[in-house]
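These notes concern the structure reproduced below.
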2 protein chains.
Amino acid sequence: MALRHAVLAALLGGDFSGYELAKEFGLGVANFWHAQPQQLYAELAKLEAEGMVVGRQVVQESRPNKRLFRVTDTGLAELERFAAAPSKPSFIRDDLLVKVQAVDRLGTGPVIEQLDARAAAAEAKIELLGKLLVRLRGDADEEEFLRRGRPIGPYLTCRRGLAFEEEHRDWCRSTAAVLRERQVLRAER
Amino acid sequence: MALRHAVLAALLGGDFSGYELAKEFGLGVANFWHAQPQQLYAELAKLEAEGMVVGRQVVQESRPNKRLFRVTDTGLAELERFAAAPSKPSFIRDDLLVKVQAVDRLGTGPVIEQLDARAAAAEAKIELLGKLLVRLRGDADEEEFLRRGRPIGPYLTCRRGLAFEEEHRDWCRSTAAVLRERQVLRAER
DNA sequence: TCCAGATACTCAAAAACATGACTAGTCTTG
DNA sequence: CAAGACTAGTCATGTTTTTGAGTATCTGGA
């Protein structure tokens with residue numbers, strides 16, 4: 001039920017085509033929701049049918065035409081309703097954690113490799129999000145921006161994404177270190 | 001495709017019935033996967049049909065009989081295969097973050113309330129996980145347990161869950177504080 | 001003694017999410 | 001100048017996850 005709201009929330013940041021929206025979902029929006037492009041096209045079509053967004057054709061030369069979508073008052077009202085309704089709790093759901101859970105009975109080599117890869121991926125994302133934060137707040141310093149800057153929503157969700165990635169990286173590193181040390185100890189006996 | 005592996009990994013910790021497994025999924029396993037009881041019963045039936053687990057009837061007086069499941073060698077081999085395959089990246093997907101994203105154009109009151117509620121829920125879970133960690137490591141101190149304790153898998157995933165909840169709580173608190181301060185500033189103007 | 005809650009499951013349906021294949025022109029880079 | 005990536009989508013199918021309702025017995029507390 002919430003993909004639609006994620007789309008509406010993303011469209012508050014400007015008018016986007018399905019294609020552009022997909023790119024947003026690859027970066028900023030990825031901090032709170034994840035979806036394939038096909039899903040977005042489908043959802044936009046539904047939202048338009050329900051009057052939550054309106055699309056307008058933009059004719060382009062030298063590349064395919066596109067349809068830009070804008071949130072309507074109906075859509076904004078729906079978001080307002082959604083914001084006041086209770087949220088469901090959020091969980092982690094992660095392949096790699098399943099593997100770590102089972103690590104006592106499994107070969108640890110591949111798991112350690114994947115932990116390293118994940119840590120590196122998280123590190124890259126941290127860099128990216130750091131830059132995104134700077135871009136979002138312009139030339140204000142953070143404290144000042146938090147007090148008065150706009151838009152504040154995307155900034156706050158981005159901070160959450162950043163903290164998540166940092167935590168993720170740290171856990172991957174320390175877990176890989178623990179498993180490595182145990183490998184060494186086992187080899188010694 | 002990974003629920004089955006989460007079930008297998010959970011069953012490594014001992015033999016469980018569907019009902020007991022559901023309780024595991026409410027606590028320790030919740031740190032890396034989430035599923036409804038109905039899903040678990042269905043998955044266990046499939047896994048049994050495929051020979052990944054075996055069930056045995058346990059007759060009980062004064063309460064319904066149950067079927068305990070154990071992972072077979074086939075199941076363990078499947079876990080091994082899974083552990084060596086590449087993992088998909090993990091994302092956050094959270095209703096509340098969607099609301100925060102849109103907060104510039106919405107009434108902030110309900111969002112702040114929900115942030116407070118979430119922070120409190122996270123705090124409660126932190127307590128719980130703290131206790132679970134102590135129980136898992138017995139009387140060893142943490143450093144020693146990480147080096148030699150067993151089983152280490154559940155301990156490591158539990159640490160991840162704990163770090164996640166702490167980060168979540170902190171973000172909820174600081175975000176609520178930011179939004180409150182901005183409300184005050186807006187009222188003053 | 002009644003009622004809520006725990007134990008132990010089952011069945012069915014709907015919603016959400018993921019995957020793969022396809023079209024078709026343009027722009028960039030080696 | 002060819003290969004590959006980018007723009008801008010569509011269509012179909014399959015899997016996973018969620019939601020709701022139901023059954024039946026037993027225990028513990030007001």
Side-chain angles (χ1 to χ4, degrees), chain A residues 1-8 15-27 29-30 32-50 55-69 82 85-95 98, chain B residues 1-7 15-27 29-30 32-50 53 55-69 82 85-95 98:
Chain A
M1 276 218 217
L3 170 61
R4 61 189 314 102
H5 302 109
V7 169
L8 289 171
D15 295 359
F16 296 110
S17 66
Y19 189 80
E20 289 160 351
L21 200 56
K23 286 204 287 190
E24 288 292 307
F25 269 75
L27 196 69
V29 181
F32 58 93
W33 210 263
H34 176 260
Q36 308 303 126
Q38 294 96 316
Q39 250 182 103
L40 300 178
Y41 286 112
E43 199 62 47
L44 282 170
K46 269 197 247 171
L47 285 168
E48 192 178 23
E50 295 171 42
R56 63 195 158 87
Q57 185 82 7
V58 174
V59 178
Q60 298 184 115
E61 287 159 23
S62 90
R63 69 188 54 188
N65 297 341
K66 61 183 176 181
R67 300 195 66 220
L68 288 187
F69 293 91
F82 169 71
S87 313
K88 19 189 113 143
S90 78
F91 340 94
I92 305 184
R93 211 172 233 176
D94 187 340
D95 273 16
V98 175
Chain B
M1 277 220 216
L3 170 60
R4 60 191 310 103
H5 301 110
V7 168
D15 295 1
F16 296 110
S17 66
Y19 189 78
E20 288 160 352
L21 199 56
K23 286 204 288 192
E24 287 294 306
F25 269 75
L27 197 67
V29 182
F32 57 93
W33 210 264
H34 177 261
Q36 307 303 129
Q38 294 95 316
Q39 241 181 318
L40 300 178
Y41 285 112
E43 200 62 47
L44 282 170
K46 270 197 245 172
L47 285 169
E48 193 178 22
E50 295 170 42
V53 303
R56 65 195 155 87
Q57 185 82 8
V58 173
V59 178
Q60 298 185 115
E61 287 161 22
S62 91
R63 69 188 54 186
N65 297 341
K66 60 181 176 182
R67 301 196 65 220
L68 288 187
F69 293 91
F82 169 70
S87 314
K88 15 189 118 145
S90 77
F91 347 91
I92 305 184
R93 212 172 231 176
D94 187 341
D95 273 16
V98 175

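Per chain, numbering begins at 1; letters A, B, ... match sequence-line order.
- Residue pairs meeting the side-chain hydrogen bond (donor to acceptor under 3.5 Å, both in side chains) criterion with at least one partner in residues 59-68 of chain A, sequence neighbours excluded, are A/Glu20-A/Lys66, A/Glu48-A/Arg67.
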Under 3.5 Å, which N/O atoms of the protein pair with N/O atoms of nucleotides 8-12 of chain C?
| residue | atom | partner | partner atom | Å |
| --- | --- | --- | --- | --- |
| C/dA8 | OP1 | B/Gln60 | OE1 | 3.3 |
| C/dA8 | OP1 | B/Gln60 | NE2 | 2.4 |
| C/dA8 | O3' | B/Asn65 | O | 3.3 |
| C/dC9 | OP1 | B/Arg67 | N | 2.5 |
| C/dC9 | OP2 | B/Tyr19 | N | 3.4 |

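- The nearest whole Å value for the distance from the CZ atom in B/Phe25 to the C1' atom in D/dT16 is 14 Å.
- Where A/Arg4 and A/Ser62 meet DNA chain C, the nucleotide closest to each residue was compared, and A/Arg4 sits on the side nearer the 5' end.
- For the residue pair B/Ser90 and A/Asp94, the shortest heavy atom distance occurs at CB-OD2, 3.3 Å.
- Dashed line: the shortest gap from a side-chain N or O of A/Lys23 to OP1 or OP2 of D/dC6 is not under 4.0 Å.
- Rounding to whole angstrom units, CD of residue A/Glu43 and C1' of D/dC11 are separated by 17 Å.
- Rounded to whole angstrom, the span from the CZ atom of A/Arg93 across to the C1' atom of C/dC17 amounts to 11 Å.
- The minimum heavy-atom distance between B/Ser17 and B/Phe69, with the atom names listed, is CA-CD1, 4.4 Å.
- Counting heavy atoms from C-beta outward, B/Phe16 and B/Leu40 have side chains that stay 4.5 Å or more apart.
- If you check every strand for non-hydrogen atoms under 4.0 Å, A/Lys88 touches sugar and phosphate atoms only.
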Step-by-step salt bridge (charged side-chain N to carboxylate O under 4.0 Å, His left out) determination, B/Asp15 to B/Arg56:
CA-CA 10 Å; B/Asp15 295 1; B/Arg56 65 195 155 87; 3.2 Å; yes
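- Across all non-hydrogen atoms, the minimal contact from B/Gly18 to B/Tyr41 is CA-CE2, 3.6 Å.
- Taking the side chain of B/Gln36 as heavy atoms from C-beta on, and the options C/dT19, D/dT27, D/dT18, the nearest nucleotide is D/dT18.
- Contact record, B/Leu3 with B/Ala35: CD1-CB, 3.9 Å, taken as the closest heavy-atom pair.
- What you find for A/Phe82 and B/Val98 is that their closest heavy atoms are CE2-CG1, 3.8 Å.
- In this structure, the helix from C/dT1-D/dA30 to C/dG30-D/dC1 shows an angle of 50° between the axis at its start and the axis at its end, each fitted on 5 base pairs and rounded to 10°.
- One interatomic measurement links the two molecules: NZ of A/Lys46 to P of D/dC11, which rounds to 15 Å at whole-angstrom precision.
- As rounded to whole Å, 14 Å separates atom P of D/dA8 from atom CD of A/Glu61.
- When the P atom of C/dA16 is taken as reference, atom CG of A/Leu40 falls 14 Å away, rounded to whole Å.
- Note: CG (A/Leu21) to P (D/dT7) measures 14 Å, nearest angstrom.
- Taking each heavy atom of A/Ala30 and A/Phe25 in turn, the nearest pair found is CB-O, 3.5 Å.
- Contact annotation: A/Gln39 side-chain N/O to C/dA18 OP1/OP2 distance is under 4.0 Å.
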